[in-house]
Amino acid sequence: MAVNVNTVYQKVLALANKEQRGYITPQEFNLFASQAQLEIFENYFYELDRALRMASNDSVYADKADSIRERIDVHEKFRQNVSMSAGGVGTLPSLYKLGKLSFNDSGVYREIQLVSQNELNHFLNNKLLNPTIKRPVYVKTSETAIQVYPTSITSGVTCNYIEKPVEPNWAYVVVDKKALFNSTAKVDFDLHEAEENNLVMRILELAGITIKEQELSDVALRDRSSTTNIKNS
């Protein structure tokens with residue numbers, strides 16, 4: 001499940017007000033929210049790499065690696081079409097991290113090997129390594145462009161990739177010069193619900209507000225109490 005953008009904003013406002021740091025506008029919040037989400041998402045890859053480096057028989061770190069993978073996996077896309085044109089030139093879809101590329105050879109998906117620009121001539125000039133339909137290779141020519149060899153491959157190329165999380169947005173309408181939450185147009189955080197407190201903390205840090213974890217817990221407790229009172233009224 002996603003993290004509710006309005007819940008995070010209300011907690012941020014409550015804590016900012018407690019510290020007498022003034023009102024954080026929706027525009028400011030949205031900017032901080034986008035950056036905080038991306039930082040947390042990028043940290044998954046660092047934490048996963050660190051967890052995988054631990055001893056393989058360490059069940060604690062194995063569980064941590066599995067947990068991080070679960071949060072990354074929901075953003076992974078498989079066999080997405082790569083737009084190809086004459087000469088083996090391809091354009092990648094919008095993505096965050098590129099995975100494996102494949103070529104559909106009459107129903108058989110053959111992995112397209114990534115080689116560096118420095119290695120390319122070695123492949124093209126070596127009879128044993130020369131790219132074929134059954135052993136294709138590619139080089140990245142820019143962030144979004146690739147060159148596939150053999151150049152006769154002009155269709156049937158797909159890729160796996162990690163997509164960038166959808167940018168959150170606390171949507172609003174202005175009534176009597178006040179910003180009122182527009183729930184029909186909002187975009188929630190594209191992260192696991194367990195990241196709610198981390199998002200609140202990071203957004204406050206970006207706003208220049210330092211708080212203790214206990215203060216965040218107190219706000220969460222008040223929110224739950226308020227919700228309970230409303231339900232029971």
Side-chain angles (χ1 to χ4, degrees), residues 1-48 67-68 70-77 92-98 143-144 161-233:
M1 293 179 63
V3 180
N4 188 289
V5 69
N6 188 47
T7 300
V8 172
Y9 188 28
Q10 296 310 317
K11 287 185 178 181
V12 166
L13 288 178
L15 288 163
N17 182 62
K18 182 178 182 298
E19 295 296 317
Q20 297 182 338
R21 296 301 296 269
Y23 178 65
I24 297 175
T25 68
Q27 296 95 326
E28 291 172 331
F29 172 79
N30 285 332
L31 287 173
F32 297 147
S34 179
Q35 183 173 341
Q37 174 175 262
L38 190 56
E39 288 180 3
I40 291 172
F41 186 68
E42 288 177 342
N43 194 53
Y44 288 161
F45 300 93
Y46 167 77
E47 291 294 336
L48 179 59
S67 176
I68 298 171
E70 288 177 3
R71 299 185 186 196
I72 294 174
D73 285 351
V74 296
H75 297 277
E76 189 165 11
K77 301 295 182 182
L92 298 169
S94 177
L95 52 83
Y96 180 73
K97 285 185 180 291
L98 181 62
E143 284 297 313
T144 59
Y161 66 86
I162 304 294
E163 66 179 354
K164 188 177 180 180
V166 177
E167 195 166 295
N169 180 48
W170 192 85
Y172 62 96
V173 293
V174 177
V175 178
D176 293 333
K177 298 182 179 181
K178 292 183 179 180
L180 300 181
F181 180 53
N182 181 3
S183 61
T184 60
K186 59 132 182 175
V187 180
D188 287 329
F189 289 94
D190 195 13
L191 296 177
H192 191 278
E193 58 185 352
E195 298 290 2
E196 182 179 301
N197 282 358
N198 289 335
L199 286 164
V200 173
M201 296 288 283
R202 184 61 187 131
I203 291 168
L204 286 166
E205 288 174 1
L206 291 169
I209 303 170
T210 302
I211 66 166
K212 297 178 181 178
E213 189 69 35
Q214 183 59 47
E215 293 176 277
L216 181 57
S217 298
D218 291 344
V219 170
L221 182 60
R222 288 198 299 273
D223 286 350
R224 286 195 294 270
S225 298
S226 177
T227 300
T228 301
N229 291 336
I230 292 173
K231 289 182 178 179
N232 293 335
S233 61

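- The minimum heavy-atom distance between L92 and L95, with the atom names listed, is CB-CD2, 4.3 Å.
- Listed here is the closest heavy atom pair of L204 and A16: CD2-N, 4.4 Å.
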Test side chain to side chain contact (heavy atoms under 4.5 Å, CB included) applied to R71 and L191, step by step: CA-CA 7 Å; R71 299 185 186 196; L191 296 177; over 6 Å; no

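- A donor atom on one side chain and an acceptor atom on the other are found under 3.5 Å apart for N6 and Q10.
- Taking the ring centre of F45 as origin, the terminal cationic atom of K97 falls inside the region bounded by 6.0 Å and 45° from the ring axis.
- Annotation: side chain of L38 is in contact with side chain of E42 (closest heavy-atom distance under 4.5 Å).
- Judged by distance alone, the side chain of N30 and the main-chain N or O of P26 form a donor-acceptor pair under 3.5 Å.
- Between Q27 and Y172, the side chains place a donor N or O and an acceptor N or O closer than 3.5 Å (distance only, hydrogens not considered).
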Intermediate values then yes/no, side chain to side chain contact (heavy atoms under 4.5 Å, CB included), I68 and E47: CA-CA 8 Å; I68 298 171; E47 291 294 336; 3.5 Å; yes

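- Between E196 and K11 there is a salt bridge, with a side-chain nitrogen of the basic residue lying less than 4.0 Å from a carboxylate oxygen of the acidic one.
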Side chain to side chain contact (heavy atoms under 4.5 Å, CB included) between H192 and V74, worked out: CA-CA 9 Å; H192 191 278; V74 296; over 6 Å; no

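- The ring pair (Phe, Tyr, Trp, His ring centres under 6.0 Å) test applied to Y9 returns F29, W170, not counting sequence neighbours.
- Around the CD atom of E76, the shell of radius 6.0 Å holds more than 12 heavy atoms that belong to other residues, nucleotides or ligands.
- Closest heavy-atom contact between A185 and N169: O-ND2, 4.1 Å.
- Taking CD of E39 as the reference point, atom CD1 of I203 lies at 10.5 Å (rounded to 0.5 Å).
- In this structure, CG in L199 is found 11.5 Å from OG1 in T7, a value given to the nearest 0.5 Å.
- At least one side-chain heavy atom of Y161 sits under 4.5 Å from a side-chain heavy atom of K77.
- Here F41 contributes atom CZ and E195 contributes atom CD; the two are 11.0 Å apart, rounded to the nearest 0.5 Å.
- Here the side chain of D188 pairs a donor or acceptor atom with the backbone of V5 at under 3.5 angstrom.
- L13 and I24 make their closest contact through CD2-O, 3.6 Å (heavy atoms, listed as atom of the first residue, atom of the second, distance).
- Heavy-atom neighbours of K186 NZ from other residues, nucleotides or ligands within 6.0 Å: above the threshold of 12.
- K164 and Y96 make their closest contact through N-CB, 3.6 Å (heavy atoms, listed as atom of the first residue, atom of the second, distance).
- D190 pairs by the side chain to side chain contact (heavy atoms under 4.5 Å, CB included) definition with Q37, H75, P165, V166, not counting sequence neighbours.
- I72 contributes atom CD1, which lies 11.0 Å from atom CD of E70 (distance to the nearest 0.5 angstrom).
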